[in-house]
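Written out below as structure tokens is the structure these notes cover.
Start at 1 and go down the list; that is how both ligands and their atoms are numbered.
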Amino acid sequence: MYRYPAVSVALLLFLNLVHGVEEKGNFSLVLGNCSLALARDMVYHEHIHKNFVLLVERNATSSWYGDQRIYCLKALNENKESEGGIAFIKEGGIGHNFVTIEMHSKRGNKMDYDVQIYGK
Ligand SMILES: *[C@@H]1O[C@H](CO)[C@@H](O)[C@H](O)[C@H]1NC(C)=O
Ligand SMILES: *[C@@H]1O[C@H](CO)[C@@H](O)[C@H](O)[C@H]1NC(C)=O
Ligand SMILES: *[C@@H]1O[C@H](CO)[C@@H](O)[C@H](O)[C@H]1NC(C)=O
């Protein structure tokens with residue numbers, strides 16, 4: 001491998017294409033005190049849908065900024081586990097009055113996330 005860098009790179013690209021890149025993040029996010037979340041405290045609700053594109057990882061962000069402090073935050077993946085996808089907090093979150101959630105589909109798969117933010 002060491003003597004054939006071009007071959008190694010091609011192999012890595014191929015493996016990347018087949019398996020997708022390992023990334024930090026969770027299939028779904030449920031953070032904070034969600035068992036106590038009240039419907040009237042929901043400050044933001046968004047459904048994110050992106051169609052699949054062959055071999056492409058679809059990405060999206062969802063942001064909220066307001067007066068309330070976030071105490072529960074959900075980004076629920078509505079895909080099957082096998083269809084994959086990840087969500088992670090980019091900035092803010094629990095205890096803050098703002099949050100940016102980033103979501104990625106699995107390569108070649110659609111994305112469906114239900115984002116709910118509760119604050120008071
Ligand atoms: C992601 O999942 C792991 C394993 O279930 C868990 O330990 C971790 O707290 C989760 N992270 C977030 C941000 O939800
Ligand atoms: C969740 O709410 C309970 C009751 O108000 C409180 O005791 C607990 O500390 C809270 N947990 C977090 C993580 O905010
Ligand atoms: C989505 O994010 C990944 C990882 O950051 C990146 O490799 C990929 O190119 C992005 N997809 C699009 C369509 O921009």
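With a 4.0 Å cut-off on non-hydrogen atoms, R58 does not touch ligand 3 at all.
Here the two rings, on H104 and F88, have centers that are under 6.0 Å apart.
With sequence neighbours excluded, no residue satisfies side chain to side chain donor-acceptor pair (under 3.5 Å) with N97.
The shortest N or O to N or O distance between E57 and ligand 3 is under 3.5 Å.
We find the CD1-CD1 distance between I101 and I48 to be 7.5 Å, quoted to the nearest 0.5 Å.
At a threshold of 4.5 Å between side-chain heavy atoms, the hydrophobic network of Ile, Leu, Val, Met, Phe, Trp and Tyr places Y113 and I89 in one connected group.
Around atom 10 (C) of ligand 3, the closest heavy atom drawn from V56, I86, N59 belongs to N59.
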